[in-house]
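Count residues from 1 along the sequence. Just so it is clear, the structure is predicted and the values come from calculations on it, not from any experiment.
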Amino acid sequence: MKKFILKSLVFTLPFLLLHLINVLFYDVNDGDLIRVGYLYSNPCSNKSINSQFKIKKTYKQVSQIDISKENKFNVITFGDSFSDQDSLGYQNYLAKRGFSVLDIDKSLGENSIERLIQFANGDFFDKVKTEYVVLETVERKFIDYAQSVKINSAVQTSSIKKNILSIPKEHKSEELDFFSETTLKAPLSNILYEFEDKPQTSQTFKVRTDKNTLFSNHPDHLLFYQDDYLFLSQKNSYSAVNKANDIINHILEILKKKNIKLILLIAPDKYDIYYPYISHQEKYQKPLFFHNLESLPKKYTLLESFKALSKAIEQKKNVYYYADTHWSPIGAEIIANEIAKEISLSQ
């Protein structure tokens with residue numbers, strides 16, 4: 001029995017030690033790039049940035065209203081995780097400027113473009129009136145989302161109400177399990193980062209930058225999600241962007257019949273927006289997505305998110321989170337200001 005216990009300890013103690021190291025240094029709930037990259041070091045956490053902003057949430061989500069009754073909003077937003085930042089999101093900054101804003105919860109469908117088409121082809125806008133729809137999608141998903149939609153698909157208010165009931169009430173925190181793949185991947189990844197920009201065990205690139213004032217506490221590197229780079233050939237394809245643009249033009253025609261104006265908000269991938277600051281650009285292909293999209297004919301309004309955020313990064317730190325794929329409250333307010341500007345120009 002003693003031999004069995006000793007052998008068991010010999011086997012389990014190394015894993016227990018690695019798990020303890022992970023518990024002490026690996027925070028799975030403070031930045032998605034930290035989580036999928038298994039990174040221990042986080043010089044500028046999301047929490048440290050968010051703690052600087054105390055803003056009451058004043059916009060509405062569709063789960064908070066009765067959509068079978070008459071409602072009217074200045075702006076309705078359809079989006080993904082960039083539209084799911086609660087009181088620190090662009091919708092709240094827009095509401096602070098006096099606009100009535102309704103957000104269509106992303107839990108009602110991952111593809112925000114498809115969700116908008118379904119709502120527009122159904123009876124939703126017959127009851128819930130608006131002057132403007134903001135359609136937001138992250139850059140790396142835009143082409144796939146647009147190409148996968150069924151242009152004539154529709155959903156009725158009765159079905160939407162049923163789906164609203166299934167929306168989770170609370171966001172569950174990630175947990176660090178013992179004897180999971182993380183037990184080995186986290187320490188291994190942190191060792192491999194000393195020799196390469198992205199270990200095979202990780203989904204996060206960590207590359208040197210020419211500027212150490214992009215984020216608080218002056219990190220000399222940039223984190224970005226692997227799909228920002230892996231989807232680059234598709235994002236740089238003029239024909240693929242052109243086809244996606246045609247879909248958005250078609251959606252505008254549907255909305256025009258309901259007297260609704262469409263603003264397209266592409267959330268720039270972190271790789272694209274911070275590309276000018278990468279030290280060894282010869283190792284990484286230049287992103288062309290926004291150059292291609294801006295050159296195409298549009299019936300809708302394309303929000304100049306890339307230009308506005310790029311200009312802000314030249315002057316401010318923490319426009320995006322260091323540890324995350326998303327823009328910070330600083331970036332969210334910039335986006336809200338751009339939306340407000342577009343609305344005022346169209347009136």
Side-chain angles (χ1 to χ4, degrees), residues 46 49-65 67 70-106 112 115-116 119 124-125 127-139 248 251-252 255-256 258-268 273 290 294 298 300-321 324 326-347:
N46 290 16
I49 295 173
N50 291 347
S51 64
Q52 301 171 37
F53 300 87
K54 304 294 182 185
I55 309 168
K56 183 181 177 182
K57 182 177 176 179
T58 55
Y59 72 94
K60 296 287 186 182
Q61 291 182 274
V62 72
S63 55
Q64 297 174 309
I65 68 167
I67 60 174
E70 293 284 345
N71 290 274
K72 184 169 176 58
F73 296 88
N74 299 129
V75 180
I76 296 180
T77 63
F78 290 74
D80 51 34
S81 55
F82 280 84
S83 297
D84 191 33
Q85 293 181 308
D86 206 56
S87 64
L88 301 182
Y90 69 89
Q91 299 102 318
N92 210 39
Y93 283 105
L94 198 57
K96 274 185 64 182
R97 295 179 66 110
F99 294 92
S100 56
V101 181
L102 177 70
D103 177 58
I104 308 301
D105 305 60
K106 73 181 182 70
S112 55
R115 204 181 332 140
L116 174 55
F119 278 49
F124 177 79
F125 290 110
K127 288 288 186 181
V128 185
K129 305 291 186 180
T130 189
E131 302 166 68
Y132 297 89
V133 161
V134 173
L135 172 60
E136 178 272 315
T137 178
V138 67
E139 176 192 341
I248 306 302
I251 295 172
L252 183 276
L255 293 174
K256 270 177 68 175
K258 302 176 185 291
N259 296 314
I260 299 171
K261 299 181 180 71
L262 176 62
I263 298 173
L264 177 65
L265 165 55
I266 303 293
I273 204 80
F290 282 95
E294 288 164 5
K298 304 169 197 68
Y300 61 91
T301 297
L302 175 65
L303 199 76
E304 294 190 341
S305 56
F306 186 82
K307 289 181 181 178
L309 293 167
S310 295
K311 185 177 179 180
I313 289 169
E314 293 174 3
Q315 304 163 355
K316 300 178 180 181
K317 61 181 66 174
N318 303 327
V319 175
Y320 274 56
Y321 292 109
D324 207 283
H326 300 87
W327 53 53
S328 73
I330 297 167
E333 185 171 19
I334 292 166
I335 293 299
N337 291 341
E338 289 299 307
I339 294 171
K341 187 193 304 181
E342 288 296 342
I343 290 173
S344 66
L345 287 173
S346 66
Q347 290 179 340

Trace of the side chain to side chain contact (heavy atoms under 4.5 Å, CB included) decision for Leu102 with Gln64: CA-CA 9 Å; Leu102 177 70; Gln64 297 174 309; over 6 Å; no
Side chain proximity check, Ile343 to Val75, heavy atoms < 4.5 angstrom: yes
Polar side-chain atom of Asp80 near backbone of Val138 as donor-acceptor pair, under 3.5 Å: yes
Under 3.5 Å: donor-acceptor pair, side chain of Ser305, backbone of Ala267: no
Closest contact, heavy atoms only, Phe99 versus Ala340: CE1-CB, 3.9 Å
Side chain Thr58, main chain Ala95, donor-acceptor under 3.5 Å: no
NZ-CD1 distance between Lys127 and Ile67, expressed to the nearest 0.5 angstrom: 11.0 Å
Verdict with supporting geometry, Lys298 and Ile248, side chain to side chain contact (heavy atoms under 4.5 Å, CB included): CA-CA 8 Å; Lys298 304 169 197 68; Ile248 306 302; over 6 Å; no
Check: Leu255 and Lys261 side chains under 4.5 Å, non-hydrogen atoms: no
Euclidean distance, Ser328 OG relative to Glu333 CD, rounded to 0.5 Å: 10.0 Å
No-hydrogen, no-angle side-chain donor-acceptor test under 3.5 Å, Thr77 and Asp103: yes
Short side-chain to backbone donor-acceptor contact, Arg115 and Ile104, under 3.5 Å: yes
Distance-minimising heavy-atom pair for Tyr93 and Leu88: CE1-O, 3.8 Å
Test item: Ile330 and Phe53 side chains (from C-beta on) under 4.5 Å apart, heavy atoms: yes
Side-chain heavy atoms of Gln91 within contact of Ser83, under 4.5 Å: yes
Phe125 and Phe78 aromatic ring geometry - parallel, tilted or perpendicular at 30°/60° bounds: tilted
Flag for Glu342-Thr301: side-chain donor and acceptor within less than 3.5 Å: no
Give every donor-acceptor pair under 3.5 Å between a side-chain atom in residues 307-319 and any protein atom, sequence neighbours left out.
from   : atom 1 : to     : atom 2 : distance (Å)
Ser310 : OG     : Phe306 : O      : 2.7
Asn318 : OD1    : Ser216 : N      : 3.0
Asn318 : ND2    : Ser216 : OG     : 2.6

Backbone N/O of Pro329 and side chain of Gln85: donor-acceptor pair under 3.5 Å: no
Partner residues of Tyr59 under the ring-ring contact (aromatic ring centres under 6.0 Å, His included) criterion, sequence neighbours left out: none
Interatomic distance, Asp86 atom CG to Asp84 atom CG [nearest 0.5 angstrom]: 7.5 Å
Test item: Asn92 side-chain N/O and Ser87 main-chain N/O as donor-acceptor pair under 3.5 Å: yes
Heavy-atom check, side chain of Leu262 versus side chain of Lys256, under 4.5 Å: no
Neighbour count above 12 (heavy atom, 6.0 Å) for Lys258 NZ: yes
Lys57 atom NZ: more than 12 heavy-atom contacts under 6.0 Å: yes
Atom pair OG1/CD1 of Thr130 and Ile76 - distance to nearest 0.5 Å: 4.5 Å
Trp327 and Tyr90, any side-chain heavy atoms less than 4.5 Å apart: yes
Min side-chain heavy-atom separation Leu94-Asn74 under 4.5 Å: no
Side-chain heavy-atom pair Ile65, Phe73 within 4.5 angstrom cut-off: yes
